[in-house]
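The basis for the numbers below is simple: all heavy atoms, side chains too, and nothing from hydrogens, waters or symmetry mates.
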Amino acid sequence: MESKWNRAKMKLAENLEIPNDVILSTPKITISSNNEISIENHKGIIAFEREYIKINSKIGTITINGKDFEIAFIGGQTIVIQGEFKSVIYEGMG
């Protein structure tokens, strides 16, 4: 049932020219160079260390690897992380 609902929302977003992340609450990840990442529509932080961070989202876990991580901003469903990034991994739902 949910897949039909998601397909309907995606079709609506397409017809109204609205980005899918707005309609479906999927994460939107913006990477600026290799020193800042902004993640919108996240569902919380699972783990945070100076070398990696794991963030929960509607599509599964997002893992970011690197070094010297700091949270520059967190509010609502948006988090901005600064540091030196090496990789971003989508682990999926299962």
Side-chain angles (χ1 to χ4, degrees):
M1 179 68 174
E2 186 174 337
S3 63
K4 286 183 181 180
W5 178 240
N6 282 343
R7 283 195 301 267
K9 289 194 287 187
M10 288 177 63
K11 186 67 173 171
L12 177 65
E14 181 182 309
N15 289 337
L16 296 176
E17 297 181 1
I18 299 171
N20 286 342
D21 60 293
V22 173
I23 295 289
L24 300 175
S25 296
T26 55
K28 178 180 179 182
I29 301 172
T30 306
I31 301 172
S32 302
S33 185
N34 72 335
N35 61 3
E36 185 174 279
I37 293 180
S38 173
I39 301 175
E40 298 175 40
N41 298 325
H42 72 88
K43 302 291 184 195
I45 298 170
I46 298 169
F48 182 86
E49 298 291 334
R50 300 280 292 166
E51 298 81 30
Y52 73 94
I53 185 167
K54 288 188 176 212
I55 298 174
N56 194 18
S57 77
K58 187 173 181 178
I59 63 166
T61 303
I62 301 166
T63 302
I64 303 165
N65 296 301
K67 65 181 183 179
D68 300 327
F69 290 166
E70 294 180 359
I71 296 175
F73 172 81
I74 188 166
Q77 294 182 339
T78 301
I79 185 169
V80 177
I81 305 158
Q82 294 178 334
E84 186 177 325
F85 304 106
K86 299 296 180 190
S87 66
V88 177
I89 302 166
Y90 299 97
E91 295 181 29
M93 293 299 288

Do [X] and [Y] belong together in a cluster built from hydrophobic side chains that touch within less than 4.5 Å?
{"X": "V80", "Y": "I31", "value": "no"}
{"X": "I29", "Y": "I45", "value": "yes"}
{"X": "F48", "Y": "I55", "value": "yes"}
{"X": "V88", "Y": "I79", "value": "yes"}
{"X": "Y90", "Y": "I46", "value": "no"}

Problem set entry | Ring centres under 6.0 angstrom apart (F85, F69) |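 Yes.
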
Mind listing the closest non-hydrogen atom pair of [X] and [Y] along with its distance?
{"X": "R50", "Y": "E70", "value": "NH1-CG, 3.5 Å"}
{"X": "A72", "Y": "Q82", "value": "CB-CD, 3.6 Å"}
{"X": "P27", "Y": "N41", "value": "CA-CB, 4.1 Å"}

Between atom [atom1] of [X] and atom [atom2] of [Y], what is the distance when rounded to the nearest 0.5 Å?
{"X": "E40", "Y": "T30", "atom1": "CD", "atom2": "OG1", "answer": "6.0 Å"}
{"X": "D68", "Y": "E84", "atom1": "CG", "atom2": "CD", "answer": "7.0 Å"}
{"X": "Y52", "Y": "I64", "atom1": "OH", "atom2": "CD1", "answer": "13.0 Å"}
{"X": "I81", "Y": "I74", "atom1": "CD1", "atom2": "CD1", "answer": "8.5 Å"}
{"X": "I59", "Y": "H42", "atom1": "CD1", "atom2": "NE2", "answer": "13.5 Å"}
{"X": "K28", "Y": "I39", "atom1": "NZ", "atom2": "CD1", "answer": "13.0 Å"}

For this session: Determine whether I62 and E91 make a side-chain contact, defined as any pair of heavy atoms from C-beta on separated by less than 4.5 Å.
Result: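 Heavy-atom side-chain distance check fails, nothing below 4.5 Å.
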
